Structure formats: structure tokens, C-alpha cells
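What follows is a single structure, written as C-alpha cells, with notes after it.
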Amino acid sequence: MTDAPIDFDAMFAALCSEVGFCLHEKGQKRVIEALPKGLDAAVKAVLAAEGVDEPNAPGDLKKAVRDCLKAHVQPG
């Protein structure tokens, strides 16, 4: 993604406040492990951690999660 270190605390705080997904420690770990595979994998990990059926999740929800993650993992 990027060479700059990711502030995971800020990323998960934003995910909680902006999208309403306040992940537990195990869910956060899954997202962190998925990030090297790309944003789509990380979005799937977020949704799985929240118990959301990813294939049936609304597109707006997936986009909100993706945009939130992207804001924290890519320089901008």
C-alpha cells in the first residue's frame, strides 16, 4: 500500500465513528493481516468481523468502509 507507517488506532477510531463499525481486538487483527492483500480484502475482513454477509452488503456500506480504510493507508 504505502511505505509510511499506518496509524491503526486512528484508522479503527475513524471506522467506528464514521461507519459505525467498532471492531474488537480480534477483528482489528484480521483487518491488519488483510491489508497487505489490498483494500478489497481489508473491507471483507471488516465486514466479516462485524458479522455482515459481504456478498449481500449494500454497495454504499462497502464503499464507506473502503473509503475510510483508504484514507488511512494511502498518502494523501
Side-chain angles (χ1 to χ4, degrees):
M1 308 251 90
T2 180
D3 291 334
I6 298 169
D7 184 346
F8 291 115
D9 290 338
M11 182 178 79
F12 290 120
L15 198 57
C16 184
S17 65
E18 295 172 18
V19 186
F21 286 167
C22 304
L23 302 183
H24 49 80
E25 190 174 320
K26 189 175 179 182
Q28 290 180 7
K29 184 178 178 204
R30 288 181 184 161
V31 174
I32 292 167
E33 290 171 351
L35 277 171
K37 300 173 190 163
L39 286 173
D40 291 337
V43 169
K44 288 179 183 181
V46 169
L47 295 175
E50 280 293 306
V52 176
D53 183 28
E54 188 267 330
N56 295 315
D60 288 350
L61 178 61
K62 292 180 194 179
K63 183 177 182 338
V65 171
R66 189 177 204 288
D67 289 348
C68 186
L69 295 176
K70 183 177 180 182
H72 288 86
V73 299
Q74 294 183 348

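As the structure is a computational prediction, the values presented were derived from the model and not from experiment.
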So which heavy atom on Ala34 is nearest to which on Ala45, and how close? CB-CB, 3.9 Å

Contacts of Asp53 meeting side-chain contact (heavy atoms from CB on, under 4.5 Å) (sequence neighbours excluded), chain-then-number -> Pro55, Asn56

Hey, could you give me the CD/CZ distance between Glu25 and Phe12, rounded to the nearest 0.5 Å? 10.5 Å

With a 4.5 Å cut-off on side-chain heavy atoms, are Glu50 and Leu15 touching? no

What is the distance from atom CE of Met11 to atom CG of Leu23, rounded to the nearest 0.5 Å? 8.5 Å

State whether the side chain of Lys26 and the backbone N or O of Ala49 hold a donor-acceptor pair below 3.5 Å, judged by distance alone. no

Which heavy-atom pair separates Ile6 from His72 by the least distance, and what is that distance? CG2-O, 3.7 Å

Check whether any side-chain heavy atom of Leu61 sits under 4.5 Å from a side-chain heavy atom of Leu47, and report yes or no. yes

Derivation and outcome, side-chain contact (heavy atoms from CB on, under 4.5 Å), residues Lys63 and Val43: CA-CA 9 Å; Lys63 183 177 182 338; Val43 169; over 6 Å; no

Do Val46 and Arg30 come within less than 4.5 Å of each other through their side chains, counting heavy atoms only? no

Please examine the side chains of Val31 and Phe21, heavy atoms only from C-beta on, and report whether any two atoms are closer than 4.5 Å. no

Roughly how far, to the nearest 0.5 Å, is CZ of Arg66 from NZ of Lys44? 11.5 Å

